[in-house]
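Here is the naming used below: chain letters follow the sequence lines, and residue numbers restart at 1 for every chain.
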Amino acid sequence: MTSTVVVTGVGAVTPIGGTADATWQAAFAGTPGARTLDNDWAEKYGIPVTFAAQADRSAVDETLTRVETKRLDPSSQLALASAREAWADAGLDEVDNDRLAVSWATGIGGVWTLLDAWDTLKEDGSRRVMPLTVPMLMPNAPAAAIGMHFKAHAAVQTLVSACASSTESIGNALEAIRGGRADVVIAGGSEAAVHPITLSAFSSMRALSRRNDSPETASRPYDVDRDGFVMGEGAGALILETKEHAEARGATIYAEIAGWGISNDAHHITANEPDGTFARQAMERAMEMAGVSASDVKHINAHATSTPVGDVPESLAINAAMGDHVDDVLVSATKSQMGHLLGGAGAAEAILTALALKNRTAPPTINIENLDPAIHLNIVRDEPAALPSGDIAALSNSFGFGGHNAVVVFKSV
Amino acid sequence: MAHSEAEVLSGLAEIVNEETGLATEAVEPSKSFTDDLDIDSISMMTIVVNAEKKFGVKIPDDDVKDLVTVQDAVDYIVKAQDA
């Protein structure tokens with residue numbers, strides 16, 4: 001018999017909120033997180049993009065000790081803060097630690113630690129490079145920090161697939177429970193890579209919006225004048241457990257996580273396959289595992305990053321996967337508020353998707369002034385929209401450099 | 001200019017506090033880094049690197065194993081300053 005797996009806790013550190021609740025409120029209200037950088041990077045290095053969506057670190061600074069902050073890369077700091085929030089939100093206390101797992105994700109890893117160490121090496125020589133440099137910069141560092149803190153002996157894993165990473169880590173968590181390896185999994189992802197190197201590199205690629213005079217309207221998925229994504233950072237954590245386990249301890253259930261799907265474009269290192277063929281494939285695989293059909297799906301949190309080339313293939317994929325039911329699917333592109341959290345994006349958006357089902361409300365997509373005529377979707381624009389009552393399903397899509405497509409399916413409870 | 005023994009002790013206590021969160025008062029001369037202060041080898045190396053920077057001395061890796069107590073480290077640093 002296949003286990004029913006549910007979401008019982010959420011935690012988030014994002015550009016629009018220091019907690020999951022604050023993030024939901026801001027997404028709901030349509031509050032953008034992008035700001036002009038309060039440093040000299042643009043001037044000093046000639047970076048053509050002068051803004052980003054930096055994480056609201058208030059909860060991080062409140063919950064981490066000074067030593068934890070010192071010994072963890074920012075990507076791990078955000079991870080630990082979001083995981084602690086999710087754990088507390090789930091009301092977990094005593095668990096069987098041999099049945100507790102972590103399934104985490106990052107897209108880039110400890111870029112700050114690596115580059116700070118490189119600066120130290122160049123300026124002061126090898127002897128000054130700190131012994132903890134590698135354990136801080138490794139991509140599995142955030143997962144390890146969470147695993148050690150909560151004593152997760154079942155497994156501590158890290159999935160790495162660029163901007164699809166933390167949707168894959170949620171899917172992997174579902175499989176860990178269904179496969180009998182764990183009863184409870186802390187799943188999610190984190191990224192803290194707003195750094196002059198990444199801003200320069202993404203700028204060189206022409207992937208970032210250059211709307212420097214108006215950062216808050218720069219992330220505009222589906223708008224005809226969208227000119228790139230907004231570099232963001234943040235983390236999202238979800239507590240997944242079997243329904244039996246949740247009910248036995250009287251936990252509040254946000255939603256059921258019913259399935260996930262994965263595919264690869266195998267087409268180009270950065271560009272999406274233009275017809276959305278394999279994005280559709282991932283969506284259909286996810287729905288098949290979840291046992292839902294297009295007529296059950298009433299909401300999609302789209303990947304929609306606001307790049308000129310990315311948003312259309314996903315729209316084609318959604319149309320193909322939803323068929324005649326596409327008009328009944330309320331599509332939200334919450335990167336319009338949060339920016340693009342890279343390896344943290346899938347988890348933060350999965351949280352918004354689960355909360356949308358719980359609250360029966362889809363958050364708005366902001367900043368669409370003129371809808372791209374190539375987009376044919378029922379987009380939730382400017383104001384939140386009510387989701388129907390009854391048993392409904394929702395999808396959260398994530399795609400990443402490397403051709404990765406990942407989709408999770410939630411069901412209302 | 002060379003640091004006095006008392007200055008080295010208080011400076012070392014600050015480095016230990018930064019690295020481990022231990023109160024500076026807990027870093028007493030008689031304490032063993034591993035047995036009393038629960039400092040692991042990686043933290044010890046971090047403390048050594050920071051001490052080298054702070055006091056302008058060199059503490060070769062081979063000598064670190066001989067720094068069992070806080071006093072051992074203070075003595076070593078005071079002496080190394082004069083070298």
| Any residue of residues 37-45 of chain B which, by heavy atoms, sits under 4.5 Å from chain A | B/Asp40, B/Ile42, B/Ser43, B/Met45
| field | Between B/Thr69 and B/Asp72, a side-chain donor and acceptor under 3.5 Å | value | yes
| query | Regarding A/Asn172 and A/Gln157, is there a side-chain donor-to-acceptor distance under 3.5 Å anywhere? | reply | yes
| query | At a heavy-atom separation under 4.5 Å, does A/Arg66 approach chain B through its side chain, its backbone, both, or neither? | reply | side chain
Would you tabulate the side-chain donor-acceptor contacts of residues 132-147 of chain A under 3.5 Å, counting partners in other chains and residues two or more places apart, or write 'none'?
unit_1: A/Thr133; atom_1: OG1; unit_2: A/Met130; atom_2: O; d: 2.5

| message | Tell me if the NZ atom of A/Lys122 is crowded by more than 12 foreign heavy atoms within 6.0 Å. | response | yes
| NZ/NE/NH1/NH2 to OD/OE distance under 4.0 Å, A/Glu68 and A/Arg84 | yes
| field | Parallel, tilted or perpendicular, as decided by the 30° and 60° cut-offs, for the rings of B/Phe55 and B/His3 | value | perpendicular
| A/Arg99 bridged to A/Asp183 by N-O distance under 4.0 Å | yes
| request: Give, as side chain, backbone, both or neither, the part of B/Thr46 having an atom under 4.5 angstrom from any heavy atom of chain A. | output: both
